[in-house]
Number of protein chains: 2
Amino acid sequence: MAREAPSVLVVEDEPAQREVLAYNLEAEGFRVIRAETGDEALMLVDEETPDIVVLDWMLPGVSGIEVCRQLKTRADTRGTPIIMLSARSEEVDRVRGLETGADDYVIKPYSVVELMARVRAQLRRVRPSTVGAVLEFEDIKLDSESHRVYRREEVLKLGPTEFRLLATFMEKPGRVWSREQLLDRVWGRDIYVDTRTVDVHIGRLRKALCQHGGEDPVRTVRGAGYALG
Amino acid sequence: MAREAPSVLVVEDEPAQREVLAYNLEAEGFRVIRAETGDEALMLVDEETPDIVVLDWMLPGVSGIEVCRQLKTRADTRGTPIIMLSARSEEVDRVRGLETGADDYVIKPYSVVELMARVRAQLRRVRPSTVGAVLEFEDIKLDSESHRVYRREEVLKLGPTEFRLLATFMEKPGRVWSREQLLDRVWGRDIYVDTRTVDVHIGRLRKALCQHGGEDPVRTVRGAGYALG
DNA sequence: TGGTTTTGTGACCAGATTGTAACGGCTTCA
DNA sequence: TGAAGCCGTTACAATCTGGTCACAAAACCA
């Protein structure tokens with residue numbers, strides 16, 4: 001089954017650079033959404049829900065850092081990978097130091113091949129769980145389009161993090177995910193969060209899944225992590 | 001718990017070069033095994049079963065090329081990727097190196113970053129198949145992805161250490177592992193535990209494997225160690 | 001056969017791992 | 001703006017696991 005092309009939001013104010021990037025991404029089969037300013041970027045994220053954002057850190061108006069921070073704070077966009085572009089390596093260090101939570105950093109001038117590779121790497125990391133499909137496991141049904149989860153016809157109420165956690169599990173039922181892998185997938189790459197937080201959210205997910213009765217479908221694998229079924 | 005770090009066997013007689021390489025690999029999270037000569041390399045491949053070999057072309061004694069040829073001839077080591085290092089840049093050598101069966105070929109002086117990238121590339125190429133695979137031996141089935149062990153359709157219950165122990169055995173059924181090798185593999189390199197601990201865990205593994213009946217598949221090799229089958 | 005070495009295993013306790021309630025800080029939404 | 005909801009951390013309890021020891025059993029050797 002052919003999959004819809006992943007969409008990339010390119011945020012870059014310098015037209016030449018933006019077009020080179022867009023050209024190459026389109027040549028690789030991505031759908032490209034362009035933004036010139038931070039405000040525009042934030043608006044387009046809402047409207048178009050891109051699969052990944054490539055973000056220049058120097059922007060007129062709302063800076064790239066601020067865009068990144070906002071996106072990584074909002075629960076509904078936190079899972080979208082962000083690749084930050086900056087002109088010098090010291091800047092990368094600074095940007096990192098600000099704990100903006102970007103998933104990857106690339107120094108300009110960058111090799112186009114390398115950037116493509118990084119875009120693909122980030123998509124590989126998160127995409128499967130965000131694909132607009134209906135995942136099913138036993139009596140659980142997860143509709144990533146409408147962001148709804150059903151268990152035996154009943155709609156379950158669960159928060160954004162629990163949702164992504166469950167989506168990750170349902171992508172490969174039975175597979176054991178380590179706490180680190182889950183943090184990487186569900187929370188994001190450069191985010192510092194205690195691994196015990198995963199346990200707490202697993203507990204919340206369990207409670208949510210059993211709110212209308214039924215067995216706990218989440219399996220703890222001691223010393224390894226968690227799995228669905 | 002973090003996934004087991006991939007191990008790299010570095011074969012290089014020049015101490016400075018060997019340590020630079022080892023330092024960088026360790027910084028990247030790999031476990032490094034060092035060898036100075038071809039003979040030593042061949043021995044360590046048996047003992048440590050590294051995930052990948054980085055091999056200098058010019059070695060005292062058995063040459064790099066010869067080591068490569070031997071490893072690529074033997075059935076049990078053929079799958080291990082080999083990256084050859086050489087000071088010479090002539091096309092001829094490159095061809096000869098690849099003909100011998102090396103999986104990649106890097107010319108000295110090399111960029112460390114590039115070499116790391118190639119190491120990772122080779123591991124990506126082979127690792128998924130061995131890590132995600134379902135190992136089988138007689139009526140025992142071990143699924144590393146779901147962390148489950150079956151014996152004749154029944155799910156076996158075994159702790160983390162027993163699981164790793166069994167996984168090690170099933171990687172190479174029939175192979176005899178010394179207590180030291182098992183400690184190294186299952187417990188970790190720089191951990192001090194009595195070798196008798198291995199015996200105790202072998203006992204626990206045996207009990208776990210027979211919890212639903214069946215023969216004991218673990219063989220004791222007096223004075224040497226243990227093996228599966 | 002008797003003595004020696006090696007291996008098997010039950011029991012025990014220390015420490016690690018996990019489940020979960022509670023809390024304070026933020027964000028979101030009406 | 002206030003209330004409700006969500007998040008990450010922490011602390012504590014319950015549970016499980018791992019390493020050691022001691023002694024029994026088995027294998028080996030002369």
Side-chain angles (χ1 to χ4, degrees), chain A residues 42 45-46 66 69-79 99 101 147 149 156-166 176-180 182-188 190-211 215-227, chain B residues 1-2 147 149 156-166 168 176-180 182-188 190-211 215-227:
Chain A
L42 288 170
V45 166
D46 281 336
E66 181 55 23
R69 208 191 52 71
Q70 288 203 25
L71 292 181
K72 285 299 177 182
T73 306
R74 281 171 42 189
D76 61 327
T77 52
R78 178 147 59 185
E99 284 175 0
H147 256 241
V149 178
L156 299 187
K157 184 165 162 13
L158 60 170
T161 305
E162 281 102 87
F163 182 85
R164 278 208 300 282
L165 205 45
L166 179 61
V176 175
W177 300 79
S178 72
R179 290 169 175 72
E180 287 78 9
L182 290 172
L183 279 178
D184 195 52
R185 279 233 161 196
V186 176
W187 275 259
D190 225 26
I191 280 190
Y192 72 101
V193 172
D194 198 284
T195 58
R196 288 307 310 278
T197 300
V198 175
D199 300 61
V200 175
H201 277 276
I202 288 285
R204 290 170 181 165
L205 174 60
R206 280 179 164 139
K207 190 181 283 183
L209 287 173
C210 300
Q211 64 194 252
E215 285 275 302
D216 172 16
V218 179
R219 172 168 56 110
T220 303
V221 182
R222 205 154 228 273
Y226 299 96
Chain B
M1 180 200 296
H147 257 252
V149 179
L156 300 186
K157 184 171 165 5
L158 56 170
T161 306
E162 282 105 84
F163 183 85
R164 285 201 299 275
L165 203 46
L166 179 61
T168 300
V176 178
W177 299 80
S178 74
R179 289 171 176 74
E180 286 77 12
L182 290 173
L183 277 178
D184 201 47
R185 274 221 156 213
V186 176
W187 277 258
D190 27 46
I191 276 202
Y192 166 73
V193 270
D194 199 286
T195 58
R196 289 304 313 277
T197 299
V198 175
D199 301 66
V200 176
H201 276 276
I202 289 284
R204 289 171 181 165
L205 174 59
R206 280 179 163 138
K207 188 183 282 184
L209 287 173
C210 300
Q211 64 193 254
E215 284 276 300
D216 171 17
V218 179
R219 175 167 53 105
T220 302
V221 183
R222 195 156 230 269
Y226 299 96

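Keep in mind that this is a model prediction, so the values were computed, not measured. Within every chain, numbering begins at 1; the chains are lettered A, B, ... in the order of the sequence lines, protein sequences first and strands thereafter.
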### Task
Send over the distance from A:R206 CZ to C:dT18 P, rounded to a whole Å.
11 Å
### Query
Please give, in whole Å, the distance from C:dT18 C1' to A:R179 CZ?
7 Å
### Message
With a cut-off of less than 4.0 Å, is there a side-chain N or O of A:Y192 near OP1 or OP2 of D:dT9?
### Response
no
### Query
Under 4.0 Å between a side-chain N or O of A:K157 and OP1 or OP2 of D:dC6?
yes
### Heavy-atom donor-acceptor pair, B:R164 side chain to B:V186 backbone, under 3.5 Å
yes
### Query
For the pair made of CG in A:L71 and P in C:dT27, what is the distance, rounded to whole Å?
14 Å
#### Entry: Whether A:H201 and A:W187 hold their rings parallel, tilted or perpendicular, with breakpoints at 30° and 60°
perpendicular
### Query
Under 4.0 angstrom, heavy atoms only, what part of the nucleic acid is A:E162 near: base, sugar-phosphate, or nothing?
sugar-phosphate
### Query
Can you check the B:D199 CG to C:dG10 C1' distance for me, whole Å?
15 Å
### Query
Across the strands shown, which category fits B:F163 at heavy-atom distances under 4.0 angstrom: base, sugar-phosphate, nothing?
nothing
### Query
Below 4.0 angstrom from OP1 or OP2 of D:dA26, is there any side-chain N or O of B:R222?
no
### Message
Return whichever of B:R196 or B:R204 has its heavy-atom-nearest nucleotide of DNA chain D closer to the 5' end.
### Response
B:R204
### Within-4.5 Å side-chain heavy-atom neighbours: A:Y226 and A:R219
no
### Summary
To the nearest angstrom, the CG-P distance between A:L165 and D:dG8 comes to 11 Å
### Query
Does a side-chain N or O from B:K207 land closer than 4.0 Å to OP1 or OP2 of C:dG10, or not?
yes
## Note on the structure
Separation of C:dT18 atom P from A:D194 atom CG, nearest Å, is 13 Å
### Query
Short question: side chain of A:Q211, backbone of A:K157 - any donor-acceptor pair under 3.5 Å?
yes
### Task
Just call it for A:T220: base, sugar-phosphate, or nothing, with non-hydrogen atoms closer than 4.0 Å on any strand.
sugar-phosphate
### Query
Atom NE2 of A:H201 to atom P of C:dT18: distance rounded to whole Å?
17 Å
### Any side-chain heavy-atom pair of A:T77 and A:R74 under 4.5 Å
yes
### Query
To the nearest Å, how far apart are A:I202 CD1 and C:dG19 C1'?
11 Å
### Side-chain N or O of A:W187 closer than 4.0 Å to phosphate OP1/OP2 of D:dG8
yes
